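Taking it in order: structure first as structure tokens, then the write-up.
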Amino acid sequence: VGPGPGSATAAGLSAPPVMAAPLEHENQVFLDLFHQDGLVICARGLGIDRILLRFLRLYCEPASLVLVLNTSPAEEEYFIDQLRSDGVVHLPRRVTNEITSNCRYEVYTQGGVLFATSRILVVDFLTDRIPSNLITGILVYKAHRIIESCQEAFILRLFRQKNKNGFIKAFTDNAIAFHTGFCHVERVMRNLFVRKLYLWPRFHIAVNSFLEKHKPEVVEIHVSMTPAMLTIQTSILDILNVCLRELKRYNPALEVEDLSLENAIGKPFDKTIRHYLDPLWHQLGAKTKSLVQDLKILRTLLQYLTQYDCVTFLNLVESLKATEKAFGQNSGWLFLDSSTSMFVNARARVYRISDDKISKKSKVSEKMDIKERKELKRELVLESNPKWEALREVLKEIESENKNSEDLGGPGQVLICASDDRTCAQLREYIIAGAEALLMRLYNKTFGKDERAGEEWIKDRKAVKSKGNARSDKGPQAKKAKVEASSKQNKIMKKQDLTLTQMMGKTEEENIEEEMEGYKELSSSEEISIEETKPEDFHLNLASDAYYGIFKTPLTIIHPLQGCSDPYALTRVLHEVEPRYVVLYDAELTFVRQLEIYKASKPGKPLRVYFLIYGGSTEEQRYLTVLRKEKEAFEKLIREKASMVIPEEREGRDETNLDLVRDSTSATVSTDTRKAGGQEQKSVQQTIIVDMREFRSELPSLIHRRGIDIEPVTLEVGDYILTPDICIERKSISDLIGSLNNGRLYSQCISMSRYYKRPILLIEFDPSKSFSLTSRGSLHQEISSNDITSKLTLLTLHFPRLRILWCPSPHATAELFEELKQNRSQPDAAIAMAITADSEIVPESDKYNPGSKDFLLKIPGVNAKNCHVLMNHIKSISELVTLSQDKLSEILGNAVNAKQLYDFIHKSYAEAISQGKTKR
Amino acid sequence: MPVSWPARVTAASSGSREGAVLGELPPGSEASTVPPAASGDSDPCPTLKPGAKSNCIIVSARQRGNPILKFVRNIPWEFGEIVPDYVLGQSTCALFLSLRYHNLNPNYIHERLQLLGKTYAVQVLLVQVDVKDPHQALKELAKMCILADCTLILAWSPEEAGRYLETYKAYEQKPADLLKEKVDQDFLSIVTDCLTSVKSVNKTDALSLLSTFGVSHLLPIRVQTGPCHC
């Protein structure tokens with residue numbers, strides 16, 4: 001399994017002592033970027049947030065106006081908190097939709113650092129609500145996401161068009177993202193309008209030598225898996241391999257390199273495979289689809305194997321088998337030899353079947369009820385996790401060291417990190433209650449009281465039948481002797497049962513509590529009160545609420561590495577707790593690096609890191625793969641950087657950058673370019689009116705790119721107005737389904753056809769998904785009114801003038817829009833905005849006032865057929881009220897309808913309320 | 001005579017096509033409307049004028065052998081002399097186009113659309129997407145449909161195309177209730193729904209208005225916006 005684990009820490013965990021806050025290499029990153037704009041790609045966990053923070057600190061003053069793009073609310077909060085604790089006065093502010101458009105200009109002119117929602121910024125740039133010339137610059141976080149069509153790229157383009165002096169500085173710590181695709185980094189830099197690329201891998205000489213000086217003490221503990229675990233792991237890997245081979249056989253087009261076993265155990269594999277398969281998902285056979293599903297299950301199995309205890313694993317395995325029985329879904333791997341061995345071993349970790357079942361039978365059936373008997377036949381093994389033992393050892397060592405730690409200034413705090421909440425909760429219970437109690441509780445929860453245990457048991461028996469038979473051969477002679485022995489055993493077992501139930505009572509309480517508190521800080525239930533003081537005291541006022549406290553003195557807590565709502569929770573905890581000992585129950589690259597930096601920023605403080613890992617396991621392999629991937633990505637980036645040709649005008653500070661020239665001829669690389677020389681200059685500037693809400697999608701950016709002006713306004717009817725006649729309602733597939741179901745599309749179509757000559761429904765597909773409305777084989781035998789195709793049919797029948805556009809991607813849409821606008825006049829924003837119920841309607845659509853018609857149609861007794869008759873008879877709705885019931889039935893020609901209508905109009909509110917009450 | 005699906009397909013199925021088509025017909029469909037197997041291209045069926053009432057889909061003879069007919073199972077169909085490919089109701093018709101065919105004969109659909117003119121209220125251009133890279137062709141068709149007042153419908157398989165034909169015929173008289181927002185059938189919901197159809201009234205307004213006035217007192221408020229062309 002790859003290079004030795006020694007190298008794992010060498011590359012990931014080697015670092016440091018001395019120096020205060022800004023670290024040497026950080027200074028250099030900062031200064032480089034400060035002097036010349038560029039994109040910084042830094043290794044994961046090496047503190048890209050700290051660098052951004054320094055820039056924020058620099059610009060937190062009213063004299064500058066700096067925008068920060070691409071941060072999440074949690075990150076913004078973290079940055080603001082940090083700056084506040086640094087004593088910064090002019091704190092960054094957020095521009096969200098809570099600030100009304102009128103106030104925004106004022107906010108912008110007040111200066112400082114602003115975190116702004118991209119959608120708002122786009123609109124403000126387009127409408128010149130933001131004083132572009134006053135902007136000092138833009139900081140882009142998570143810059144690897146800046147692809148051409150995204151909002152942020154649009155903002156940067158608009159910024160550069162209007163402001164030639166401001167800076168653009170971009171940050172990312174995701175080097176692996178640049179590993180895919182052709183010239184990815186160059187395209188991102190082009191979108192960012194930067195010429196410089198700064199690479200800061202972990203193996204950078206400055207980083208490496210600096211961190212080397214501040215190395216924490218590292219203890220690597222290679223835990224070996226139990227034989228059963230090893231066998232299971234081998235079996236799962238076997239099955240994975242078979243599935244991968246099958247997958248390749250069915251889809252020869254898939255890139256072989258990405259489908260290696262090494263990648264398959266890594267975390268991003270699901271994404272990779274979906275990335276390849278999604279565009280052709282509707283063409284795939286059932287076999288491939290189920291293989292993809294199986295791969296996912298197998299990966300989960302692998303993860304559960306090392307992450308959780310034997311009972312949880314067995315439960316998962318059994319439920320797989322049960323679903324297979326129930327639904328008959330599986331692509332055959334359950335019948336492989338390897339899977340049998342997996343099942344056998346998974347069970348062997350939990351219980352053993354006692355040998356003497358035959359001899360017991362007679363006695364047992366008399367005395368006990370059947371269930372109990374079945375229970376008895378299982379002899380619980382409940383294999384404990386090897387890592388747990390290792391953790392206990394480590395904690396013991398820390399404890400003994402803490403006892404004579406006067407020279408270090410008292411006992412050191414302990415931070416234990418495990419990957420997720422579930423593991424953390426288990427570890428906590430393990431440390432407090434012990435392995436046996438934990439496993440017993442889990443066993444009882446999953447198998448104990450479950451009625452299925454009986455069936456399970458029968459299945460088990462089948463599985464071990466051969467064994468049983470072999471033994472029963474020698475049975476007859478041994479029988480008698482065993483009877484006595486078994487009766488003794490029974491007694492013991494009974495006892496055990498008793499304790500079990502007792503415990504169950506307690507643990508159940510615990511369970512409920514746990515669930516109630518959302519698996520957070522568990523208030524002490526009676527039996528946990530070993531060393532804990534009151535739980536109230538134990539709320540540590542830590543920044544994160546995701547931690548699990550164990551002991552108060554010395555403070556020992558468990559914190560999950562992933563799955564916290566606040567991505568900086570662990571960082572905050574680390575800095576607040578200031579542990580002397582960190583136990584990494586699970587390895588994660590980012591946090592390992594973070595520890596290095598933490599150590600380096602607190603020179604002189606001792607830090608010891610215990611690294612628990614299963615030697616030769618997929619867990620170890622996964623960690624090493626991540627390390628290797630990042631290293632490869634950086635090496636590729638370094639090569640690319642060396643050969644990169646960057647045009648002088650890239651930054652767009654003068655007029656020569658072609659990306660900023662908004663002309664359709666430069667944007668389309670089609671036959672047009674060749675004709676460009678002879679093309680006549682268009683005299684009219686093309687304009688499209690776009691509804692505010694549409695700025696969430698990438699379409700406006702792409703339209704703008706084609707040289708068409710965009711006017712953002714709030715439209716009541718339609719999303720895009722191309723010409724005075726053409727109004728377009730854009731729907732993604734999910735929108736389309738939703739709005740066909742909830743009636744919104746119907747009313748949108750009504751208003752579109754009322755006010756525009758050419759109402760158009762645009763169905764836009766996601767380019768990364770399949771270009772198809774229904775998937776293969778999903779058609780029913782009969783016409784079903786629930787099908788989206790049926791509803792679409794009905795819609796077109798009711799709106800004969802409604803045209804439908806089907807666009808495979810936003811790019812295609814933008815192109816089509818441009819062509820639809822050719823030789824047609826420009827729309828007027830003022831008119832489009834004013835279109836509401838009161839404006840003039842398209843002549844041929846209706847000769848009646850649409851508002852009144854809508855109103856009448858909603859009244860009971862009026863329907864599409866008699867509505868016009870009614871409207872011809874009355875001058876206004878007020879006249880309707882004066883009519884008698886007889887007169888109404890004369891007009892409507894139907895006494896029932898007339899009565900409904902009359903009753904409705906003349907029913908009083910009080911009556912209605914009382915009626916409603918009696919109904920209830 | 002031009003056909004709108006690949007010539008290959010027609011040739012392949014020509015031998016047994018009648019049988020195949022017949023075999024797929026629902027047992028309940030009128031025997032008289034089924035063209036005799038011997039009939040060649042000259043159709044002996046009673047001539048049906050477009051627009052005449054019929055509970056069948058009327059299929060132009062040029063669609064003979066089109067695989068999508070195999071998937072029109074829930075609605076009876078018959079051949080007739082018509083200008084479009086399919087007549088799906090009194091005011092609904094459809095032209096069928098396979099993109100594979102279109103790429104070979106880009107002018108075909110032009111001519112058909114010109115011939116059709118604007119005879120029907122709903123004119124569907126039913127396109128079967130059966131090529132790998134349909135985007136350029138689809139863009140051209142989209143523009144064409146806007147100019148020719150056609151409704152563009154895409155299907156990705158003959159099953160889906162057949163289903164669209166069935167659905168158009170089956171839903172010919174169907175009201176739009178299915179598409180509308182569902183309103184509870186008690187008095188309050190109806191009144192609220194009714195009142196909120198006026199632009200400036202929201203749900204809370206509607207309730208407070210109602211508690212103050214009865215419906216009969218409320219309605220005259222709309223005097224100014226009453227029917228204008230009555």
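In what follows, chains carry the letters A, B, and so on, assigned in the order in which the sequence lines appear, proteins first and then strands, with residues in each chain numbered from 1. No experiment lies behind these values; they were computed from the predicted model shown.
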Checklist entry - Is the shortest heavy-atom distance from the side chain of B:L138 to the side chain of A:F771 under 4.5 Å? => result yes

Checklist entry - Please walk me through it: do B:N74 and A:E782 pass side-chain contact (heavy atoms from CB on, under 4.5 Å)? => result CA-CA 7 Å; B:N74 296 305; A:E782 312 267 308; 3.8 Å; yes

Checklist outcome for this item: Of A:L802, A:L820, A:L816, the largest count of non-hydrogen pairs under 4.5 angstrom with chain B goes to A:L816

Checklist outcome for this item: So OG1 of A:T789 and OH of B:Y168: to nearest 0.5 Å the spacing works out to 10.0 Å

Item to check | Donor-acceptor contact present, side-chain B:H135 to main-chain A:S809, <3.5 Å | outcome: no

Next on the checklist: Less than 4.5 Å to any heavy atom of chain A: does that hold for the side chain of B:P134, its backbone, both, or neither?
Outcome noted: side chain

Checklist entry - Would you call A:R801 and B:D149 a salt bridge, taking side-chain N to carboxylate O under 4.0 Å as the test? => result no

Next on the checklist: Under a 3.5 Å distance rule, please check whether A:R758 uses its side chain to pair with a backbone N or O of B:I146 as donor and acceptor.
Outcome noted: yes

Item to check | Region of A:L805 in contact with chain B, defined by heavy-atom distances below 4.5 Å | outcome: side chain

Item to check | Among A:I783, A:I804, A:I760, residue most engaged with chain B (heavy-atom pairs, under 4.5 Å) | outcome: A:I783

Item to check | Part of A:S784 within contact of chain B (heavy atom distance under 4.5 Å) | outcome: backbone

Checklist entry - A:P800 and B:A121: which non-hydrogen atoms are nearest, and at how many Å? => result CB-O, 3.6 Å

Item to check | Pairwise distance NZ(A:K791) to OG1(B:T167) - rounded to 0.5 angstrom | outcome: 13.0 Å

Checklist entry - Are more than 12 heavy atoms from other residues, nucleotides or ligands located less than 6.0 Å from atom NZ of B:K174? => result yes

Checklist entry - So how far is it from B:K180 NZ to A:S747 OG, rounded to the nearest 0.5 Å? => result 11.0 Å

Next on the checklist: How long is the straight-line distance from CG of B:L179 back to CG of A:L795, given to the nearest 0.5 Å?
Outcome noted: 5.5 Å

Next on the checklist: Under 4.5 Å from any heavy atom of chain A, what part of B:I153 do you find: side chain, backbone, both or neither?
Outcome noted: both

Checklist entry - Which atoms of B:A176 come close to chain A, meaning under 4.5 Å heavy atom to heavy atom: side chain ones, backbone ones, both, or neither? => result both

Next on the checklist: Quick check against the 3.5 Å criterion: does A:W806 have a side-chain atom that pairs as donor or acceptor with the backbone of B:A142?
Outcome noted: no

Checklist entry - Looking at B:L154, B:T92, B:V124, B:L88, which makes the most heavy-atom pairs under 4.5 Å with chain A? => result B:L154

Next on the checklist: Just verifying a value: how many Å separate A:S790 OG and B:R163 CZ, rounded to the nearest 0.5 Å?
Outcome noted: 7.0 Å

Item to check | Nearest-0.5 Å distance that lies between atom OG1 in A:T796 and atom OH in B:Y171 | outcome: 11.5 Å

Item to check | Minimum-distance pair of heavy atoms, taken over all atoms of A:L794 and B:P175 | outcome: CD2-O, 3.9 Å

Checklist outcome for this item: The interface call for B:T151 against chain A, heavy-atom contacts under 4.5 Å, is both

